[in-house]
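Reading through the structure tokens given below for one structure.
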Amino acid sequence: MYLHIGNGESIRDDRIIGIFDLDTATVSSITKNFISTEEKRKNVEYADTDLPRSFLLYEDRAGKSKIKLSRISTVSLVQRSQSE
């Protein structure tokens, strides 16, 4: 199954490692540093151009960890993943 994450983009649900709220997760300096490091490594992608509300940590087809930022709330993404 696939999880729609906004702007016509989807990620296979078996590749998703975690879904995180951007506001609460980035309170921690560890998470901020992680996202910053991944941005420098070009492992962060935006699902759309709107202000992101959540991020997904997932594995791409090559097994490499990546981050996808989404404007869809964490609650909505989790509900979508459980209903499919």
Side-chain angles (χ1 to χ4, degrees):
M1 301 294 284
Y2 288 87
L3 176 63
H4 174 72
I5 60 168
N7 200 29
E9 289 203 41
S10 298
I11 297 177
R12 285 181 50 136
D13 60 357
D14 62 343
R15 296 193 180 273
I16 297 172
I17 299 167
I19 301 172
F20 305 92
D21 184 274
L22 203 53
D23 289 334
T24 58
T26 55
V27 170
S28 167
S29 62
I30 295 170
T31 308
K32 284 182 190 177
N33 290 336
F34 173 68
I35 293 173
S36 177
T37 301
E38 292 304 303
E39 280 182 311
K40 291 174 187 169
R41 293 178 179 165
K42 309 265 190 248
N43 290 332
V44 177
E45 302 169 346
Y46 289 82
D48 46 47
T49 57
D50 290 342
L51 185 66
R53 297 173 68 190
S54 61
F55 70 95
L56 293 92
L57 181 61
Y58 72 100
E59 285 186 351
D60 66 5
R61 291 181 183 181
K64 184 177 180 181
S65 295
K66 295 210 171 200
I67 295 173
K68 183 75 81 164
L69 299 169
S70 174
R71 68 180 167 95
I72 300 174
S73 72
T74 305
V75 172
S76 294
L77 289 172
V78 169
Q79 287 175 346
R80 288 179 184 187
S81 71
Q82 292 173 345
S83 68
E84 294 181 358

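- The list of side chain to side chain donor-acceptor pair (under 3.5 Å) pairs with a residue in residues 22-32, not counting sequence neighbours, reads Asp21-Thr24.
- With sequence neighbours excluded, the residues that form a salt bridge (charged side-chain N to carboxylate O under 4.0 Å, His left out) with Glu38 are Arg41.
- Taking Arg15 as the reference, nothing meets the salt bridge (charged side-chain N to carboxylate O under 4.0 Å, His left out) condition, with sequence neighbours excluded.
- There is a path of hydrophobic side-chain contacts, each under 4.5 Å, that joins Ile72 to Ile19.
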Review point. Is there a side chain to side chain contact (heavy atoms under 4.5 Å, CB included) between Ser70 and Ile5 once you walk through the steps?
Key: CA-CA 6 Å; Ser70 174; Ile5 60 168; 4.3 Å; yes
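- Residues forming a salt bridge (charged side-chain N to carboxylate O under 4.0 Å, His left out) with Lys68 (at least two apart in sequence, or on another chain): Glu9, Glu45.
- Put simply, Leu22 and Leu77 are part of two different groups of oily side chains (I, L, V, M, F, W, Y) that touch within less than 4.5 Å, one to the next.
- Listed by chain and residue number, Asn43 satisfy the side chain to side chain donor-acceptor pair (under 3.5 Å) test with Lys64 (two or more places apart in sequence, or in another chain).
- The side chain to side chain contact (heavy atoms under 4.5 Å, CB included) test applied to Arg71 returns Asp48, Asp50, not counting sequence neighbours.
- The only option from Val75, Val78, Thr74 that meets the side-chain contact (heavy atoms from CB on, under 4.5 Å) definition with Ser54 turns out to be Thr74.
- Residues passing the side chain to side chain donor-acceptor pair (under 3.5 Å) test with Ser36: none are found, sequence neighbours excluded.
- Residue pairs that meet the ring-ring contact (aromatic ring centres under 6.0 Å, His included) test with at least one member in residues 14-69, sequence neighbours left out, are Phe20-Phe55.
- Applying the side chain to side chain donor-acceptor pair (under 3.5 Å) criterion to Asp14, with sequence neighbours excluded, gives Arg12.
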